[in-house]
Novice: 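Below you will find the structure I want to go over with you.
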There are 2 protein chains.
Amino acid sequence: MKRNTWQREAVREALDGTDGFISAQALHSSLHASGSPIGLATVYRALGDLATTGEADSLQSPDGEALYRACSTTGHHHHLICRNCGRTVEIEADEVEAWAQRVAAEHGFTRAAHVVDVFGLCADCTVLLAAEAR
Amino acid sequence: MKRNTWQREAVREALDGTDGFISAQALHSSLHASGSPIGLATVYRALGDLATTGEADSLQSPDGEALYRACSTTGHHHHLICRNCGRTVEIEADEVEAWAQRVAAEHGFTRAAHVVDVFGLCADCTVLLAAEAR
DNA sequence: ACGCTTATTGATAATGATTGTCAAAACCAT
DNA sequence: ATGGTTTTGACAATCATTATCAATAAGCGT
Ligand SMILES: [Mn+2]
Ligand SMILES: [Mn+2]
Ligand SMILES: [Zn+2]
Ligand SMILES: [Zn+2]
């Protein structure tokens, strides 16, 4: 049976209090900074579990780091992520789901899954960076 | 100025001769097996360059490994990848392109790019794995 | 063909994220 | 409260990737 520990709860809360995706390392640092003595391996395990149960979403950053996020939407969904500040918008993509299934089936593929993420600059960062460039 | 070496050409040819996405490590092993004394660091550099110039496509595998492929299509496209054998089908995704642009704009995001990959089991691997499971 | 300049190579070390180990600590059903 | 079982965490191990840097070899002008 699965047991409840303050460590798991701490990870869950830290993730809830984070706006956007965050890495295991960064979340561990954040927890340490708040005085928590939680171990790094435990943070990795907790995040992995949360991702498995669907309580958190995970994705690979462009440079190959695993990032996690506590999502408000429970079902399957995708993300629009600001590559500057990390701000994230959850998006529905019914047409993409249908497209992925269809294209996989058309080529005889089974057990299809898909990675669909949109990266861009949020409105705020767009103006910020435009100002800097001047 | 950029120089031409047999190492770069060897990597290009090895990639051309590969069906599907492959990692730098695997490509290096493959080259070694064919008797090439090329260094691992050089393979990494060559693949990085090919990806930069657009001669090769790269993506992050679900477990965070960078994979490369010499693509037949030159323009923007996406991939349907067998997670067992690496076999890859290039796919058009016009509706997904449009969707990504629209959803980004709707939320005020600019400079939108997207990561769209479909992973599954190709027809061959589907029957292979079904047999093994028995 | 011959040097010369300098980009490139490759053996190796370094880095950094992630996972494995395993004894000690914590849960929780009884 | 007790005991069996799960979880933790310090640490080592792994694995991909990048940094070093002396040795090599393009390619240009001669
Ligand atoms: Mn989400
Ligand atoms: Mn392609
Ligand atoms: Zn932003
Ligand atoms: Zn396959």
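When reading the values below, keep in mind they use all heavy atoms of this one structure, side chains included, and skip hydrogens, waters and symmetry mates. In what follows, chains carry the letters A, B, and so on, assigned in the order in which the sequence lines appear, proteins first and then strands, with residues in each chain numbered from 1.
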Novice: Test of understanding: clusters of I, L, V, M, F, W, Y form through side-chain heavy atoms closer than 4.5 Å, transitively. Do B/Val96 and A/Ile91 belong to the same one?
Specialist: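 Linked within one cluster.
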
Novice: When we call it a touch if two heavy atoms are under 4.0 Å apart, what does A/Gln7 touch: a base, just sugar-phosphate, or nothing?
Specialist: sugar-phosphate

Novice: Can you tell me how the ring of A/His76 sits relative to the ring of A/His114, calling it parallel under 30°, perpendicular over 60° and tilted otherwise?
Specialist: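 Because their plane-to-plane angle is over 60°, the rings of A/His76 and A/His114 count as perpendicular.
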
Novice: Check this for me, if you would: do B/Asp124 and B/Arg87 make a salt bridge, where the nitrogen-to-carboxylate-oxygen distance has to be below 4.0 angstrom?
Specialist: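 Salt bridge between B/Asp124 and B/Arg87, a charged N being under 4.0 Å from a carboxylate O: yes.
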
Novice: Whole Å only: how far is the CG atom of B/Leu40 from the P atom of C/dT8?
Specialist: 18 Å

Novice: Measure CZ/B/Arg8 against P/D/dA25 and give the value in whole Å, please.
Specialist: 16 Å

Novice: For B/Glu97, is there an ion pair with B/Arg102 - N to carboxylate O distance below 4.0 angstrom?
Specialist: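 No, no charged N to carboxylate O under 4.0 Å.
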
Novice: A/Arg3 has a side chain; which of C/dT18, D/dG4, D/dT8 sits nearest to it?
Specialist: D/dG4

Novice: Expressed in angstrom and rounded to an integer, what is the separation of A/Asp63 atom CG from C/dT15 atom C1'?
Specialist: 14 Å

Novice: Rounded to whole Å, how long is the line connecting atom CD of B/Gln25 with atom P of D/dT18?
Specialist: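 The answer, rounded to whole Å, is 11 Å.
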
Novice: Nearest-Å distance, CG (B/Leu31) to P (C/dT9)?
Specialist: 13 Å

Novice: From D/dG9, C/dT18, D/dT7, pick the nucleotide closest to the side chain of A/Trp6?
Specialist: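 Nearest to the side chain of A/Trp6 among the choices is D/dG9.
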
Novice: Using the side-chain heavy atoms of A/Met1, tell me which of these nucleotides is nearest: D/dA16, C/dA7, D/dT6.
Specialist: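 Nearest to the side-chain atoms of A/Met1, counting from C-beta on, is D/dT6.
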
Novice: Counting heavy atoms from C-beta on, name the nucleotide in C/dT8, C/dT18, D/dG9 closest to the side chain of A/Tyr44.
Specialist: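 Nearest to the side-chain atoms of A/Tyr44, counting from C-beta on, is C/dT18.
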
Novice: Starting from the 5' end of DNA chain D, give me the residue, B/Gln60 or A/Ile38, whose nearest nucleotide shows up first.
Specialist: A/Ile38

Novice: I'd like to know if B/Arg69 pairs up with B/Glu90 as an ion pair, taking the criterion as any Lys NZ or Arg NE/NH1/NH2 lying under 4.0 Å from an Asp or Glu carboxylate oxygen.
Specialist: yes

Novice: Look at all strands and tell whether B/Arg45 reaches a base, only sugar-phosphate, or nothing, counting heavy atoms closer than 4.0 Å.
Specialist: base

Novice: Quick check on contacts: within residues 46-55 of chain B, what sits under 4.0 Å from DNA chain D by heavy-atom distance?
Specialist: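 Contacting residues: none.
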
Novice: Reckon B/Thr42 has a side-chain N or O less than 4.0 Å from the OP1 or OP2 of C/dG10?
Specialist: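 The answer is yes; a side-chain N or O of B/Thr42 sits under 4.0 Å from OP1 or OP2.
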
Novice: Can you tell me if B/Thr5 touches the phosphate of C/dT9, counting only side-chain N or O atoms and a distance under 4.0 Å to OP1 or OP2?
Specialist: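 Affirmative; the distance criterion is met.
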
Novice: What's the verdict on side chain to side chain contact (heavy atoms under 4.5 Å, CB included) for B/Val115 and A/Val116, showing C-alpha distance, side-chain angles and the deciding distance?
Specialist: CA-CA 5 Å; B/Val115 176; A/Val116 173; over 6 Å; no

Novice: Figure out the NE2/C1' separation between B/His28 and C/dT12, and round it to whole Å.
Specialist: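 Whole-Å distance recorded here is 13 Å.
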
Novice: Rounding to a whole Å, what distance do you find between A/Leu27:CG and C/dA17:P?
Specialist: 14 Å

Novice: What's the NZ-C1' distance between B/Lys2 and D/dC28, to the nearest Å?
Specialist: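 Taking NZ of B/Lys2 and C1' of D/dC28, I get 18 Å after rounding.
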
Novice: The side chain of B/Asn4 lies closest to which of these nucleotides: D/dT17, C/dG10, D/dG27?
Specialist: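 Nearest listed nucleotide: D/dG27.
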
Novice: With no hydrogens and no angle check, is any side-chain donor or acceptor of A/Thr53 less than 3.5 Å from a backbone partner on A/Ala51?
Specialist: no

Novice: Which one of A/Tyr68, A/Phe21, A/Phe119 satisfies the ring pair (Phe, Tyr, Trp, His ring centres under 6.0 Å) criterion with A/His79?
Specialist: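 For A/His79, the ring pair (Phe, Tyr, Trp, His ring centres under 6.0 Å) check succeeds only for A/Phe21.
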
Novice: Compare the minimum distances between each of C/dC27, D/dT8, C/dT18 and the side chain of A/Glu65, then state the nucleotide with the smallest one.
Specialist: C/dT18

